Engineer: 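Before I ask anything, let me first share the structure, which is written out below as structure tokens.
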Amino acid sequence: MTALAENLTARTERLRAMALPIVQCAVAAALAWLVAAGALGHDRPFFAPIAVVLCIGVGLGTRRRRVLELVAGVSVGVGVGDLLISTIGGGAWQIALVVALAMAVSVLLDGGALISLQAGSSAVLVATLLPPGGTGGLDRMVDALVGGLIGLVVIALLPANPSGLAAKAIRELLEEVSAALEAAAAALREGDPGRAAAALDRARGSQKAVDAYRDTLTTAREIAALSPLHRGRRARLDAFATAAEPLDRALRNTRVLLRHTVAMIEKGEKTPELLAVGMDDLAREAARLSEELVRGETPVLTRKALRRAAARLDPVPLPPLGFSAHVVLAQLRSLTVDLLEATGEDHAGALAAFPHRPAARAS
């Protein structure tokens with residue numbers, strides 16, 4: 001029963017997250033049909049609402065580029081389809097020829113995946129549903145353009161909160177960093193390689209969070225550029241963008257740290273408290289960084305705390321360490337540099353937090 005409730009909760013949350021794109025699609029599709037059928041007088045302008053759904057979608061991406069690719073794909077597909085079907089007629093082999101030629105032309109035009117797919121599907125529609133000749137081909141091209149443009153207008157007038165999108169994505173990303181470090185610290189203290197290995201397995205899938213964050217930033221910036229309601233949020237998005245590359249490196253360094261944590265425990269190397277304390281420090285500061293960025297604050301508190309953590313990771317003299325422990329310490333230092341850069345600190349300033357032993361660059 002608990003599993004069922006959790007499943008329903010997850011599905012409800014997913015629907016809530018997709019509610020605005022769904023509303024945008026629905027409103028824009030209806031408007032596109034009304035404009036194409038009513039204002040332009042096109043008969044059955046199905047390309048207009050189709051263009052809306054393809055351009056807005058329910059995911060992330062560069063929608064302005066999608067409009068251009070969609071119109072290009074429709075133009076190629078309809079043009080090739082009209083030209084051939086009016087000459088050779090309809091039928092199975094004609095459909096095969098039309099689709100192959102339309103997609104080949106789109107590839108020769110250096111088109112992306114959307115152009116090729118749209119060219120092929122448009123050619124199929126022309127070959128099977130539309131009468132050959134006439135102005136149908138031109139009308140469908142116009143319908144695609146109308147749908148794409150109306151989709152962009154609706155995005156601008158019914159926009160998502162770009163800062164909110166970026167904040168949600170960066171919170172998920174930093175949660176991955178924090179959870180991995182907490183698990184590594186606990187595994188060290190308990191001498192449990194299995195726990196560290198489980199954390200490593202989870203961390204290996206964390207690249208999805210990085211990719212999702214980059215996609216979200218692209219969409220958030222696009223919304224801020226398109227919508228007059230959110231243009232004032234561009235400066236806040238800059239802070240999220242500054243953190244993107246350092247946090248990508250941070251997750252990579254965390255994975256290396258976990259691999260050597262597993263090795264260190266399995267080999268029975270001496271594990272000074274310095275390492276576990278450092279992991280706890282950085283886990284806590286990753287969470288603090290998330291909170292400050294989500295609130296729209298300059299992460300000054302995180303920066304100061306990271307410098308204190310760096311001092312603890314740079315003791316003189318250094319306690320004796322085995323090979324894997326040395327690697328873990330180096331990764332903790334690199335991770336500290338990554339998090340400092342994510343706060344907006346430049347690389348030289350971040351390295352200066354380790355006056356005795358500069359941290360290695362992220363790998």
Side-chain angles (χ1 to χ4, degrees), residues 170-171 173-190 196 199-200 203 206 239 242-261 264-265 269-295 297-321 324-363:
I170 202 169
R171 184 184 290 114
L173 183 54
L174 283 164
E175 280 176 358
E176 290 292 334
V177 175
S178 186
L181 290 168
E182 288 175 353
L188 268 187
R189 291 190 172 105
E190 297 166 8
L200 176 58
S206 62
T242 297
E245 188 62 34
L247 291 182
D248 188 357
R249 292 198 304 269
L251 270 172
R252 295 175 193 274
N253 279 321
T254 300
R255 290 193 286 269
V256 176
L257 179 150
L258 284 166
R259 284 199 298 272
H260 286 277
T261 298
M264 181 170 52
I265 298 172
E269 285 187 20
K270 186 176 181 181
T271 56
E273 186 65 10
L274 162 73
L275 300 182
V277 169
M279 293 171 184
D280 284 335
D281 283 344
L282 296 187
R284 183 169 55 253
E285 298 321 315
R288 193 202 302 264
L289 176 59
S290 174
E291 292 169 4
E292 289 191 292
L293 288 175
V294 166
R295 290 197 300 264
E297 301 171 357
T298 302
V300 175
L301 294 177
T302 302
R303 195 176 300 158
K304 290 179 178 178
L306 283 168
R307 290 189 173 280
R308 292 193 294 270
R312 288 189 285 272
L313 290 170
D314 194 24
V316 176
L318 185 68
L321 300 171
S324 293
H326 266 296
V327 175
V328 169
L329 180 58
Q331 293 305 314
L332 284 170
R333 290 170 175 165
S334 292
L335 186 52
T336 305
V337 171
D338 297 333
L339 292 176
L340 278 168
E341 290 184 16
T343 70
E345 183 71 81
D346 61 34
H347 185 61
L351 282 177
F354 298 92
H356 304 112
R357 295 173 183 84
R361 262 312 253 180
S363 55

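In this text the structure is predicted, and so the values were computed from the model without any measurement.
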Engineer: When rounded to the nearest 0.5 angstrom, what distance separates CG in Leu257 from CG in Leu200?
Structural biologist: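 Answer for the CG-CG pair, Leu257 versus Leu200, is 10.0 Å.
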Engineer: First locate atom CG of Asp314, then atom CG of Leu329, and finally report the distance between them rounded to the nearest 0.5 Å.
Structural biologist: 8.5 Å
Engineer: If you compare all heavy atoms of Asn253 against all heavy atoms of Ser334, which two are closest, and at what distance to 0.1 Å?
Structural biologist: ND2-CB, 3.7 Å
Engineer: Working note: Met264 + Leu188, criterion side chain to side chain contact (heavy atoms under 4.5 Å, CB included); need CA distance, chi angles, decisive distance, verdict.
Structural biologist: CA-CA 9 Å; Met264 181 170 52; Leu188 268 187; 3.2 Å; yes
Engineer: With sequence neighbours left out, what residues match Ser178 under side chain to side chain contact (heavy atoms under 4.5 Å, CB included)?
Structural biologist: Glu182, Ala283, Ala286, Ala287
Engineer: Restricting to side chain to side chain contact (heavy atoms under 4.5 Å, CB included), what partner residues turn up for Glu345, sequence neighbours left out?
Structural biologist: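 Testing Glu345 for side chain to side chain contact (heavy atoms under 4.5 Å, CB included), a comparison that skips the adjacent residues, returns Arg303, Arg307, Leu340, Thr343, Ala350.
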Engineer: Please enumerate all residues that pass side-chain hydrogen bond (donor to acceptor under 3.5 Å, both in side chains) together with Arg308, with sequence neighbours excluded.
Structural biologist: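 Arg308: no side-chain hydrogen bond (donor to acceptor under 3.5 Å, both in side chains) contacts found.
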Engineer: To check you understand the geometry: which heavy-atom pair defines the closest contact between Pro246 and Asp338, and what is its length?
Structural biologist: CB-O, 3.2 Å
Engineer: If you look at every heavy atom in Glu269 and Ser324, which pair is closest and at what distance?
Structural biologist: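 Nearest heavy atoms, Glu269 then Ser324: OE2-N, 3.2 Å.
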Engineer: Can you list everything that forms a side-chain hydrogen bond (donor to acceptor under 3.5 Å, both in side chains) with Glu176? Sequence neighbours excluded, please.
Structural biologist: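 Once residues adjacent in sequence are excluded, the partners of Glu176 under the side-chain hydrogen bond (donor to acceptor under 3.5 Å, both in side chains) criterion are Arg202.
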Engineer: Apply side-chain hydrogen bond (donor to acceptor under 3.5 Å, both in side chains) to Arg189 and list each qualifying residue two or more places apart in sequence or on a separate chain.
Structural biologist: Glu273, Asp280
Engineer: Would you give the length of the straight line joining atom CG of Leu275 to atom OG1 of Thr261, rounded to the nearest 0.5 angstrom?
Structural biologist: 8.0 Å
Engineer: Can you list everything that forms a side-chain hydrogen bond (donor to acceptor under 3.5 Å, both in side chains) with Glu190? Sequence neighbours excluded, please.
Structural biologist: Arg195
Engineer: Within the structure provided, determine whether Leu351 and His347 are in side-chain contact (heavy-atom separation under 4.5 Å).
Structural biologist: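 A side-chain contact exists here, since the closest heavy-atom pair is under 4.5 Å.
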Engineer: Let me confirm one number: the CG-CD distance from Leu306 to Glu341, rounded to the nearest 0.5 Å.
Structural biologist: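 Reported value, rounded in 0.5 Å steps: 11.5 Å.
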Engineer: Test of understanding: with salt bridge (charged side-chain N to carboxylate O under 4.0 Å, His left out), list the residues that count as partners of Glu245, not counting sequence neighbours.
Structural biologist: Arg214
Engineer: If we ignore hydrogens and angles and just use 3.5 Å, is the side chain of Glu285 paired with the main-chain N or O of Leu339 as donor and acceptor?
Structural biologist: no
Engineer: Could you pull out all residues at least two apart from Glu297 that satisfy side chain to side chain contact (heavy atoms under 4.5 Å, CB included)?
Structural biologist: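 With sequence neighbours excluded, Glu297 shows a side chain to side chain contact (heavy atoms under 4.5 Å, CB included) to Glu292, Arg295, given in chain and number order.
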Engineer: Closest approach of Ile265 and Ala196, non-hydrogen atoms and distance?
Structural biologist: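 Residues Ile265 and Ala196, closest heavy atoms: CD1-CB, 4.4 Å.
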Engineer: Using the test salt bridge (charged side-chain N to carboxylate O under 4.0 Å, His left out), find all partners of Arg255 that sit at least two apart in sequence or belong to another chain.
Structural biologist: none
Engineer: Under a 4.5 Å cut-off applied to non-hydrogen side-chain atoms, are Asp281 and Arg284 in contact?
Structural biologist: yes
Engineer: If you take all heavy atoms of Met279 and Ala185, which pair is closest and at what distance?
Structural biologist: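 Here Met279 and Ala185 meet closest at SD-N, 3.5 Å.
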Engineer: Mind listing the closest non-hydrogen atom pair of Val327 and His260 along with its distance?
Structural biologist: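 Minimum heavy-atom separation between Val327 and His260: CG1-CD2, 3.3 Å.
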Engineer: Could you please spell out the steps behind the side chain to side chain contact (heavy atoms under 4.5 Å, CB included) verdict for Leu181 and Leu335?
Structural biologist: CA-CA 10 Å; Leu181 290 168; Leu335 186 52; 3.7 Å; yes
Engineer: If I take atom OG1 from residue Thr254 and atom CG from residue Leu282, how far apart are they, to the nearest 0.5 angstrom?
Structural biologist: 8.5 Å
Engineer: Should Val177 and Leu247 be marked as a side chain to side chain contact (heavy atoms under 4.5 Å, CB included) after you check the CA-CA gap, both sets of side-chain angles, and the distance that decides it?
Structural biologist: CA-CA 9 Å; Val177 175; Leu247 291 182; 5.5 Å; no
Engineer: Using the test side chain to side chain contact (heavy atoms under 4.5 Å, CB included), find all partners of Ala310 that sit at least two apart in sequence or belong to another chain.
Structural biologist: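 By the side chain to side chain contact (heavy atoms under 4.5 Å, CB included) rule, Ala310 matches Thr336, Ala353, Phe354.
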